[in-house]
Enquirer: 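What follows is a structure written as structure tokens; I'll ask about it next.
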Amino acid sequence: MIEIFMPKAGMDMKEGTLVRWLKEVGDPVEFDEPIMEIETDKITMEAESPGTGILLSKIVEEGSVVPVLSVLGYIGEKGEEVPKDDELKVLNFDAAPASDVKADGVRMESSFNVMQTDDYIPATPYAKKVAMEKQINLSEIQKSENGIVHAKDVLASSLAKRIAKKENINLLAVEGSGHNGKIMKEDIEKHMAAEISRENDRNPFRTVVSKKPLKGMRKIVGKRMFESYSQVPTVMQSMKVDMTNLIEFRKKLNENLEEKVSLNDFILKAVAIAVKELPHIRTMWIENELVTFEEANIGFAVAVEDGLYVPVIKNADKLSLGEISRQAKTLAEKARNGTIRPDEYSGGTFSVSNMGMYDVYTFNPIINQPESGILGITGVEDVLKLVDGNVVVRKEAVLCMSYDHRVMDGVGSAKLKQRVKELIENPINILV
């Protein structure tokens, strides 16, 4: 029998969220086949099966937050018996009251005398506790898909559970009107309406339309951005760059290319060249030491529905423009699909954030820790310039760089932008 664990996707990962199972109990699974979707403190990703066989049991329900290497289920031969003891080890950490949780976030397990039949009924300890308090016979409860009774099964009807999961509502905060206090669909709707009503009472001059807890990637992005902005002495510095030659050069180059390259591909390559030439840009403040890295690994921001990913192109200075273009497209697609792997968004030494497609003309990008800086690129704007006594129209953008003042000063930041500006205004040098 093969145990399915919560994978440890990175040295700093302590726990993960089981977002959803991709297989049902009884389904055949192959080694390395995606079996579940998990969420770490950085990303949502698919996790592969550790072996080949039949999915015998899912002992952790979707939405549970569990420590890494916790047993989530079992794979084995058809009819093979699943260990019953392990079915009680991992619970939905979001479902229990604070009194049942230790300081380290691990739930305490207790023994309860619960009303049930003589037959063994697989149930989590917290489900048993709720059943005991409500004097409910566990044999009357419809089990979850994994064949185990969870607390939410005791508390709510199937429809109410689905609505609560979608709206991220804690069932413990809802008063049930059904048999034995069972939470019904109407109770969930009443609870949501009451929450909005209370919010409107507190804000009489504005009307709340909806209210949802901060969760998932948006919660992770918010946490990381706050940490970066509050922990790093950040300074922002801007420099104008003439994009006219690059735009014309790219247009001519793409006339003969089957796979077109974007302006962003040129920018990534230019930044990679500059980062490789300037060691102070590849230097980071790590545990009160200045650590300089060899590689010019360039991260680039990719916006998705609920947040932001920063895929990394490794050794971008050594790649051709075409290779950078292909990698950027592939990584961006993976990020948007949520299939990007941890090794594809880690190891960066500098990052780029391009807001040009949104007509943004100035902004302060937030540093992707522990990197020492990030270069923002704005939209292109037509401006009038005086060249050799003649007024001409040029296409101009702004390089906006945020940098860690512990690692470099204003001159260090200016040198990076000057080199990138030089390459952009003389695009042939990007290809040499």
Enquirer: Rounded to the nearest 0.5 Å, what's the gap from CZ on Arg394 to CG on Leu386? Could you check?
Expert: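 It comes to 12.5 Å.
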Enquirer: Determine the minimum heavy-atom distance between Val68 and Pro7, stating which atoms define it.
Expert: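 The pair with the smallest heavy-atom distance is CG1-O, 3.9 Å.
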Enquirer: Under a 4.0 Å N-O cut-off, is there an ion pair linking Glu333 with Arg336?
Expert: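 So Glu333 does not pair with Arg336 through a salt bridge.
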Enquirer: Could you tell me whether the side chain of Ser70 and the main chain of Pro67 form a donor-acceptor pair under 3.5 Å?
Expert: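 Side chain of Ser70 to backbone of Pro67: a pair is present.
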Enquirer: Rounded to the nearest 0.5 Å, what separates atom CD1 in Ile267 from atom CG in Leu246?
Expert: 7.0 Å
Enquirer: Can you see which heavy atom on Arg406 is nearest to which on Leu290, and at what distance?
Expert: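 The answer is O-CD2, 4.4 Å.
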Enquirer: Is there a side-chain contact between Glu48 and Ile35, using heavy atoms and a 4.5 Å cut-off?
Expert: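 They are not in contact (no side-chain heavy atoms under 4.5 Å apart), so the answer is no.
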Enquirer: For residues 360-375, which residue pairs qualify under salt bridge (charged side-chain N to carboxylate O under 4.0 Å, His left out), counting only residues two or more places apart or in two chains?
Expert: none
Enquirer: Whether the side chain of Ser64 engages the backbone of Val60 through a donor-acceptor N/O pair (distance < 3.5 Å, no angle test) should be reported.
Expert: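 Pair absent, no side-chain N/O of Ser64 close to backbone of Val60.
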Enquirer: Strictly below 4.0 Å, N to O, side chains only: are Glu175 and Lys190 in salt-bridge contact?
Expert: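 No, no charged N to carboxylate O under 4.0 Å.
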Enquirer: Report the C-alpha distance between Val380 and Ile247 in whole Å, list the side-chain angles of each, state the deciding distance to 0.1 Å, and finish with yes or no for side chain to side chain contact (heavy atoms under 4.5 Å, CB included).
Expert: CA-CA 10 Å; Val380 177; Ile247 292 172; 4.1 Å; yes
Enquirer: Can you find a heavy atom in the side chain of Ile75 that is under 4.5 Å from one in the side chain of Ser49?
Expert: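 They are in contact (side-chain heavy atoms under 4.5 Å apart), so the answer is yes.
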Enquirer: Under 3.5 Å, is there a donor-acceptor pair between the Ser372 and Asp404 side chains?
Expert: no
Enquirer: For the residue pair Glu24 and Leu55, establish whether any side-chain heavy-atom pair is separated by less than 4.5 Å.
Expert: no
Enquirer: Is it true that a side-chain atom of Thr283 and a backbone atom of Pro279 form a donor plus acceptor pair closer than 3.5 Å?
Expert: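 Yes; judged by distance alone, with no hydrogens or angles, the pair exists.
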Enquirer: How long is the straight-line distance from CG of Leu331 back to CD1 of Ile324, given to the nearest 0.5 Å?
Expert: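 Here the interatomic distance stands at 11.5 Å.
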Enquirer: Let me confirm one number: the CD1-CZ distance from Ile281 to Phe293, rounded to the nearest 0.5 Å.
Expert: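 If we round to the nearest 0.5 Å, Ile281:CD1 and Phe293:CZ are 14.5 Å apart.
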Enquirer: Name all pairs fulfilling the salt bridge (charged side-chain N to carboxylate O under 4.0 Å, His left out) condition that reach into residues 307-321, sequence neighbours left out, sorted by first residue then second.
Expert: none
Enquirer: Yes or no on side chain to side chain contact (heavy atoms under 4.5 Å, CB included) for Val66 and Glu15, after CA distance, side-chain angles and deciding distance?
Expert: CA-CA 5 Å; Val66 301; Glu15 61 184 18; over 6 Å; no
Enquirer: Going by side-chain contact (heavy atoms from CB on, under 4.5 Å), Ile313 matches just one of Asn297, Val352, Leu268. Which one?
Expert: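 Testing Ile313 for a side-chain contact (heavy atoms from CB on, under 4.5 Å) against Asn297, Val352, Leu268 leaves exactly one candidate, Leu268.
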Enquirer: Is there side-chain contact between Lys269 and Val261, with at least one heavy-atom pair below 4.5 Å?
Expert: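 Lys269 vs Val261: side chains apart.
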Enquirer: Look at atom NZ of Lys334 and say whether more than 12 heavy atoms of other residues, nucleotides or ligands are closer to it than 6.0 Å.
Expert: yes
Enquirer: Quick one: does Thr378's side chain have a donor or acceptor within less than 3.5 Å of a partner on Val398's backbone?
Expert: yes
Enquirer: Is there a side-chain contact between Leu416 and Met401, using heavy atoms and a 4.5 Å cut-off?
Expert: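 Leu416 reaches Met401 side chain to side chain.
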Enquirer: Do you know the tightest heavy-atom contact between Asn354 and Asn264?
Expert: ND2-OD1, 2.9 Å
Enquirer: Among residues two or more places apart or on two chains, list those pairs meeting ring-ring contact (aromatic ring centres under 6.0 Å, His included) that have a residue in residues 388-430.
Expert: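 Residue pairs passing ring-ring contact (aromatic ring centres under 6.0 Å, His included), neighbours aside: Tyr403-His405.
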Enquirer: Output every pair passing ring-ring contact (aromatic ring centres under 6.0 Å, His included) with a member in residues 376-399, not counting sequence neighbours, ordered by first then second residue.
Expert: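 Output for this query is empty, none listed.
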Enquirer: What pair of heavy atoms forms the shortest contact from Leu423 to Ala270, and how long is it?
Expert: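 Nearest heavy atoms, Leu423 then Ala270: CD1-O, 3.5 Å.
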Enquirer: Would you kindly say whether Ser177 and Asp187 are connected by a side-chain donor-acceptor distance under 3.5 Å?
Expert: yes
Enquirer: With side chain to side chain contact (heavy atoms under 4.5 Å, CB included) as the criterion, how do Ile54 and Asp27 come out once you've worked through the C-alpha distance, each side chain's angles and the decisive distance to 0.1 Å?
Expert: CA-CA 6 Å; Ile54 302 296; Asp27 287 350; over 6 Å; no
Enquirer: Once rounded to the nearest 0.5 Å, what's the spacing between atom OG of Ser320 and atom CZ of Arg326?
Expert: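 Here the rounded value is 6.0 Å.
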Enquirer: Can you find a heavy atom in the side chain of Ile273 that is under 4.5 Å from one in the side chain of Arg419?
Expert: yes
Enquirer: Using a strict threshold of under 4.0 Å (side-chain N to carboxylate O), is an ion pair present between Glu425 and Lys421?
Expert: yes
Enquirer: For the pair Lys329 and Glu259, find out whether any cationic side-chain nitrogen is under 4.0 Å from an anionic carboxylate oxygen.
Expert: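 Looking at Glu259 together with Lys329, the answer is no, because their closest N to O distance does not fall below 4.0 Å.
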Enquirer: Would you say Glu248's side chain and Asn245's backbone share a donor-acceptor pair under 3.5 angstrom?
Expert: no
Enquirer: Do any N or O atoms from the side chain of Ser325 and from the backbone of Leu321 form a donor-acceptor pair under 3.5 angstrom?
Expert: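 Side chain of Ser325 to backbone of Leu321: no pair is present.
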Enquirer: How long is the gap from CD1 on Ile424 to CG on Asn429, to the nearest 0.5 Å?
Expert: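 The CD1 atom of Ile424 sits 12.5 Å away from the CG atom of Asn429.
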Enquirer: Heavy atoms, side chains only, cut-off 4.5 Å: are Phe363 and Ser353 in contact?
Expert: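 Yes, at least one pair of side-chain atoms sits under 4.5 Å.
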Enquirer: Under a 3.5 Å threshold, yes or no: a donor from one side chain and an acceptor from the other, between Gln237 and Ser413?
Expert: yes
Enquirer: Is Arg20 salt-bridged to Glu62, going by a charged N under 4.0 Å from an acidic O?
Expert: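 No, no charged N to carboxylate O under 4.0 Å.
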Enquirer: What are the two closest non-hydrogen atoms of Ala328 and Asp265, and how far apart are they?
Expert: CB-OD1, 4.1 Å
Enquirer: Which atoms form the tightest heavy-atom contact between Glu30 and Thr52, and what is the distance?
Expert: OE1-CG2, 3.6 Å
Enquirer: Which residue pairs satisfy the salt bridge (charged side-chain N to carboxylate O under 4.0 Å, His left out) criterion with at least one member in residues 279-295, sequence neighbours excluded?
Expert: Lys276-Glu294
Enquirer: Using a 4.5 Å cut-off on heavy atoms from C-beta on, say whether the side chain of Val302 contacts that of Pro311.
Expert: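 Touching, per the 4.5 Å side-chain cut-off.
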Enquirer: With sequence neighbours excluded, tell me which residues meet ring pair (Phe, Tyr, Trp, His ring centres under 6.0 Å) with Phe300.
Expert: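 Partners of Phe300 under the ring pair (Phe, Tyr, Trp, His ring centres under 6.0 Å) test: none.
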Enquirer: Apply side chain to side chain contact (heavy atoms under 4.5 Å, CB included) to residues Val241 and Glu396 and explain how you reach the verdict.
Expert: CA-CA 6 Å; Val241 58; Glu396 194 171 82; over 6 Å; no
Enquirer: One thing to verify: whether Arg341 and Glu344 come together as a salt bridge, which I'm taking to mean a side-chain N less than 4.0 angstrom from a carboxylate O.
Expert: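 Judged by the 4.0 Å cut-off on N to carboxylate O distance, Glu344 and Arg341 do form a salt bridge.
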Enquirer: Treating Ser230 as the side-chain partner and Phe226 as the backbone partner, does any N or O pair qualify as donor plus acceptor under 3.5 Å?
Expert: yes
Enquirer: Regarding Asp242 and Lys395, does a basic nitrogen lie under 4.0 Å from an acidic carboxylate oxygen?
Expert: no
Enquirer: Please check if the side chain of Ser228 supplies one atom and the backbone of Ile367 the other of a donor-acceptor pair under 3.5 Å.
Expert: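 Yes, because the side chain of Ser228 sits within donor-acceptor range (under 3.5 Å) of the backbone of Ile367.
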